[in-house]
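These notes concern the structure reproduced below.
When reading the values below, keep in mind they use all heavy atoms of this one structure, side chains included, and skip hydrogens, waters and symmetry mates. First listed ligand is number 1; within each ligand, the first listed atom is number 1. Along the sequence shown, residues are numbered consecutively beginning with 1.
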Amino acid sequence: MTELIKVDPKAPELDKLSYAAEAIRRGALVAFPTETVYGLGANALDKMAVLRIFKAKGRPLDNPIIVHIGRVEDIHLVAKDVPSTALELASRFWPGPLTLILRKSETVPKETCGGRETVAVRMPAHPIALMLVREAGVPVAAPSANLSGRPSPTSAKHVLEDLDGKIDIIIDGGRTAHGVESTVLDVSKRPPLILRPGPITLEVLSECLGKVDVHPNVLKSGFADVEALAPGMKYRHYAPKAQLVLFEGPKEKVVKAIQRKGLELSRKGKRVGIATTKEDEVFFKSFQVVKSFGSRRRLDVVAKNLYEVLREMDHKKVDVILCEGFEDKGLGLTIMNRLRKAAAGKVVKVR
Ligand code: TXA
Ligand code: MG
C-alpha cells in the first residue's frame with residue numbers, strides 16, 4: 001500500500017514531513033515534489049534502501065542516482081576534493097536545479113552511484129523537498145519518480161500512475177514549477193561539461209564560468225554511446241507509450257509537414273496526436289487529439305507542461321505523436337534534449 005500525504009507546498013506542515021523523514025531513515029521509499037520534477041527518495045547511505053529504488057523503477061543498476069542534501073556544507077559529507085568552482089556554483093545556484101558531479105566520499109555506497117567513483121549532488125529549492133531532506137538528517141538519493149524510460153512526473157497523480165503500490169509514501173505538493181529535471185554539470189572537466197541541460201541554461205552557466213561545453217549526446221536522439229558520461233543517456237528516456245516523431249526546421253514548413261504526415265497516418269487508420277504550441281494549434285483543427293505545450297514565447301511554460309502533455313497523449317490512446325520542435329537556445333536546448341530522447345531516433349528535419 002502506498003500512503004498519500006497532502007502537504008502545503010508553500011508552508012509545509014512540519015509534522016507530516018517529520019513522519020515521512022522518519023520513514024526515510026527507516027529505509028522506506030518516499031516520493032516528494034522538487035522544483036523540477038517529483039523524486040523517489042531513499043536514504044542515500046543505506047544500500048538496501050537504494051536498491052529498492054532501482055527495483056521499484058525498473059532502473060538499470062549502472063544508472064547512478066542524484067544525492068539531495070539540505071545544506072551546502074553537506075557537500076563535504078558525500079563528496080571529496082570538491083573543487084572551488086563547485087563551491088562557487090553551489091553558493092550561487094543552491095538551493096536550486098543544478099546537479100554537480102563530484103568525486104564521491106567513502107560514506108556513499110557504490111550502489112547509489114551506479115558503481116562509479118563520482119557522485120551527483122544537488123540541494124533542492126522546493127520547500128517540501130528541502131524540509132524533508134533536512135528532517136531526514138541523511139542525504140536523500142532521489143531519481144525522478146517514474147518507471148524507468150517514462151516521462152518524469154510533474155504531479156503526484158503521475159507518480160501514482162507509475163508507482164502506486166510499489167513505494168511506501170507519496171507526498172502530494174501539487175504541480176512542480178520547472179517541469180524538467182535539473183541541469184547536470186561535470187565540474188571535474190576543463191571547461192565544465194553539461195551532461196544534461198536543465199532549467200539553469202548553458203547561457204547562464206557560461207556567464208558565470210566562461211566557456212562551458214555541452215556533451216555531444218545532449219543533441220542526439222535515441223540511444224547514446226555506451227560510454228556516455230551521464231549513464232542515463234544510454235537508455236530510451238522521457239518517452240510516452242506512443243511513438244513520438246519530432247519535426248525540426250522552419251516553423252511554417254514544420255506545420256505543413258506535420259499536417260501532411262498526420263493526414264497520411266489518419267488515412268491508414270492510425271490514431272494521431274499532435275503536440276504543438278499555442279500559436280500553431282489553429283493549423284491542426286481537423287485532427288482529433290491536439291495538445292499545446294503553451295506559447296513558443298514562454299519556454300518556461302512549455303517546459304512546465306512538457307511531460308504532462310506526453311502523458312495526456314497516452315491517456316488519449318494515440319498510436320503516434322507528431323511533435324513540433326523548438327530552437328536549441330536557452331531553455332529550448334533543454335526541451336529539445338527531452339523531446340529528442342523521447343523520439344528515440346524518429347526525428348524529421350524539414351528544410
Ligand atoms: O531534477 C532532478 O535532477 C530530479 C529531481 C528529483 O531532483 N532528479 C533526476 O534524477 O532527474 P534522475 O536519476 O532521473 O536523473 C539523474 C541523471 C541521470 O541521467 C544520471 O545518469 C545522471 O544524472 N547521473 C547521476 N549520477 C551521475 C554521475 N555520477 N556521473 C554522471 N552522471 C550521473
Ligand atoms: Mg529520470
Side-chain angles (χ1 to χ4, degrees), residues 30-42 44 50 53-54 56-69 78-79 93-105 108-126 128-130 132-133 139-154 158-159 162-163 171 173 176-189 192-200 215 217-218 224 226-239 303 307 334 337-338 341-342:
V30 178
F32 60 95
T34 80
E35 71 278 27
T36 57
V37 300
Y38 274 71
L40 178 58
V50 167
I53 295 182
F54 285 98
K57 280 182 60 96
R59 184 179 178 100
L61 287 168
D62 64 349
N63 192 1
I65 299 177
I66 297 174
V67 174
H68 296 69
I69 56 175
V78 294
F93 294 105
W94 285 359
L98 178 67
T99 296
L100 300 173
I101 306 296
L102 301 164
R103 289 190 64 195
K104 90 170 190 64
S105 72
V108 182
K110 62 179 192 310
E111 285 77 8
T112 305
C113 304
R116 300 186 163 229
E117 286 308 313
T118 51
V119 61
V121 189
R122 94 172 182 101
M123 179 174 166
H126 194 295
I128 292 179
L130 206 50
L132 179 69
V133 175
V140 174
S144 49
N146 50 278
L147 286 175
S148 196
R150 299 269 299 141
S152 294
T154 54
H158 300 162
V159 179
D162 281 15
L163 297 173
I171 297 171
T176 60
H178 295 294
V180 286
E181 308 83 349
S182 63
T183 306
V184 178
L185 186 72
D186 185 345
V187 276
S188 71
K189 300 282 182 306
L193 181 65
I194 293 180
L195 301 181
R196 180 178 73 183
I200 299 187
H215 194 281
N217 282 337
V218 164
V226 173
E227 286 310 308
L229 290 176
M233 292 194 294
K234 75 184 184 205
Y235 304 104
R236 187 171 185 221
H237 244 100
Y238 317 122
Y307 291 135
T334 304
N337 167 258
R338 306 306 193 268
K341 301 297 171 202

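Ligand 1 has a nitrogen or oxygen under 3.5 angstrom from a nitrogen or oxygen of Arg122. At a 3.5 angstrom cut-off on N or O pairs, Lys57 does not count as close to ligand 1. Annotation: Thr99 places no N or O atom under 3.5 Å from an N or O atom of ligand 1; distance criterion only.
For Arg59 (side chain) and Asn63 (main-chain N/O), a donor-acceptor pair under 3.5 Å exists by modelled atom type.
Every atom of ligand 1 with a heavy atom of Ser144 under 4.0 Å away is listed here by number and element: 8 (N), 9 (C), 10 (O), 12 (P), 14 (O). Every atom of ligand 1 is numbered from 1 in the order shown, and the set under 4.0 Å from a heavy atom of His68 is 5 (C), 6 (C), 7 (O). When each atom of ligand 1 is checked for a heavy atom of Gly39 under 4.0 Å away, the hits are 6 (C). Listed by number with element, the atoms of ligand 1 under 4.0 Å from a non-hydrogen atom of Ile66 are 3 (O), 8 (N), 9 (C), 10 (O), 16 (C).
A distance of 9.0 Å separates CD1 of Ile171 from OH of Tyr38, quoted to the nearest 0.5 Å.
Taking 4.0 Å as the cut-off, Pro124 does not count as a neighbour of ligand 1 on heavy-atom distance.
In terms of heavy-atom proximity, Gly173 sits nearest to Ile128 at CA-CD1, 3.8 Å.
Evaluated by nearest non-hydrogen atom to atom 8 (N) of ligand 1, the leading choice among Pro33, Ser152, Gly115, Ala142 is Ala142. For atom 29 (N) of ligand 1, the nearest non-hydrogen atom from the set Asp62, Val121, Thr118 belongs to Thr118.
At least one N, O or S atom of Ser144, from either the backbone or the side chain, sits less than 2.8 Å from the Mg ion (ligand 2).
Ser152 and Glu181 share a side-chain donor-acceptor pair at under 3.5 Å.
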